[in-house]
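Below is one structure, written out as structure tokens; comments come after it.
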Amino acid sequence: MSDKILVLGSNGQIGTELVTALRSGYGSDNVVACDIRRPDYEIKNAGPFEFVNVLDKEILKAVFEKYKPTQVYLLAALLSATGEQNPKLAWDLNMNGLLNVLDLALVYKTAKVYWPSSIAVFGPNSPKVNTPQFCTMDPNTVYGISKLAGERWCEYYHQKYGLDVRSIRYPGLISWKAAPGGGTTDYAVHIFHEALKKGSYSSFLSAETELPMMYMDDAIRGTIQLMDAPAENLSIRSSYNFAGVSFTPEVLAAEIKKHIPDFKLTYSENDPRQEIADSWPKSIDDSYANKEWGWKPDFDLAKMTADMLMNLKK
Ligand code: VAH
């Protein structure tokens with residue numbers, strides 16, 4: 001029987017590209033894009049789409065009943081900055097959305113479930129450099145708290161009920177296809193658009209704010225690589241540390257200047273996202289992902305910058 005895949009939250013920054021990648025691998029008709037609003041891009045006529053609100057268990061159940069999915073990717077969430085503006089909704093969506101999917105995956109015997117975590121699970125007292133897979137985790141954003149709790153639930157459903165749920169702690173993701181939504185790392189996407197449009201950008205994070213980042217091509221490839229890995233190789237059922245490249249706004253601007261010499265980067269002060277960024281690691285140790293499912297990033301800062309600018313210029 002061929003795979004049938006649900007991607008919940010398919011309109012988001014990750015979902016947009018993950019649906020396309022999965023459809024090229026599994027066939028368009030076998031990958032159902034699901035979101036609370038219809039996509040406004042080519043995806044809508046490239047395969048099945050369903051209106052799904054992951055907090056509406058009846059709608060969710062009907063979609064599981066209709067497709068009997070062999071894999072489910074739950075990407076619907078409020079990110080860090082938006083979550084701080086709407087803490088209760090962020091907790092409700094990020095937590096109850098996950099629990100609804102985990103329960104239905106058990107009922108419908110879904111073979112594999114994917115759920116993204118984030119470096120936001122680390123907090124002010126986590127080690128900042130080469131943050132290890134296991135360490136103090138005291139997130140102080142609702143987003144980070146919900147991702148840490150979600151990791152605990154994923155591991156619980158695996159250990160207690162044998163559900164094959166897999167997860168990755170994504171760093172800040174950089175892509176040109178779909179806009180990011182309400183994240184603290186979004187400056188690293190906006191800067192490219194502004195550099196091309198205006199030749200300048202005002203960063204809401206300070207010059208020396210170093211954060212773990214990754215090009216979306218690497219993130220999508222790594223996600224599918226984890227999902228294809230033999231279950232017996234995986235010892236982490238909370239969520240894998242996952243690293244691409246770490247940089248500061250200053251370092252990123254210097255790389256952009258190699259392509260746009262007159263580019264000017266300035267800084268705005270007192271943005272609430274600075275406090276969030278300061279609570280996160282500067283770099284991540286992803287040796288478990290490397291050892292257990294062969295993860296290696298392909299895009300360094302130079303390659304990512306060149307690819308972003310080339311695609312945005314089109
Ligand atoms: C955010 N882009 O900024 C997300 C991500 C590590 C950052 O979780 O909230």
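Numbers here simply count residues along the sequence, with the first being 1. In each ligand, atom 1 is the first atom listed, and ligand 1 is the first ligand listed.
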> So is S80 polar-close to ligand 1, meaning N/O to N/O under 3.5 Å?
Replying inline: yes

> D285 and N130: which non-hydrogen atoms are nearest, and at how many Å?
Replying inline: CB-O, 3.5 Å

>> For atom 2 (N) of ligand 1, what's the nearest protein heavy-atom neighbour? Residue, atom name and distance, please.
In response: T185 OG1, 3.1 Å

>> Between Y187 and Y267, is the ring-ring contact (aromatic ring centres under 6.0 Å, His included) condition met? List the steps.
In response: CA-CA 11 Å; Y187 88 88; Y267 298 92; 9.1 Å; no

> Does A120 have a non-hydrogen atom less than 4.0 Å from ligand 1?
Replying inline: no

> To the nearest 0.1 Å, how far is atom 6 (C) of ligand 1 from its closest protein heavy atom, and which atom is that?
Replying inline: I119 CG1, 3.3 Å

> Is the closest side-chain donor-acceptor distance between E292 and S235 under 3.5 Å?
Replying inline: yes

> Applying a 4.0 Å heavy-atom criterion (strictly less than), which segment of S118 is in contact with ligand 1: side chain, backbone, both, or neither?
Replying inline: side chain

> With the 4.5 Å side-chain cut-off for hydrophobic clustering, are V54 and Y114 part of the same group?
Replying inline: no

> Counting distance only, does the side-chain N/O of N30 pair as donor-acceptor with the main-chain N or O of K4 below 3.5 Å?
Replying inline: no

> Does ligand 1 have a heavy atom under 4.0 Å from the side chain of A81, from its backbone, from both, or from neither?
Replying inline: neither

> Can you find a pair of side-chain heavy atoms, one from R38 and one from F49, that are under 4.5 Å apart?
Replying inline: yes

> Purely on distance, is any nitrogen or oxygen of Y143 under 3.5 Å from one on ligand 1?
Replying inline: yes

> For atom 3 (O) of ligand 1, what is the nearest protein heavy atom, given as residue, atom name and distance?
Replying inline: T184 N, 2.7 Å

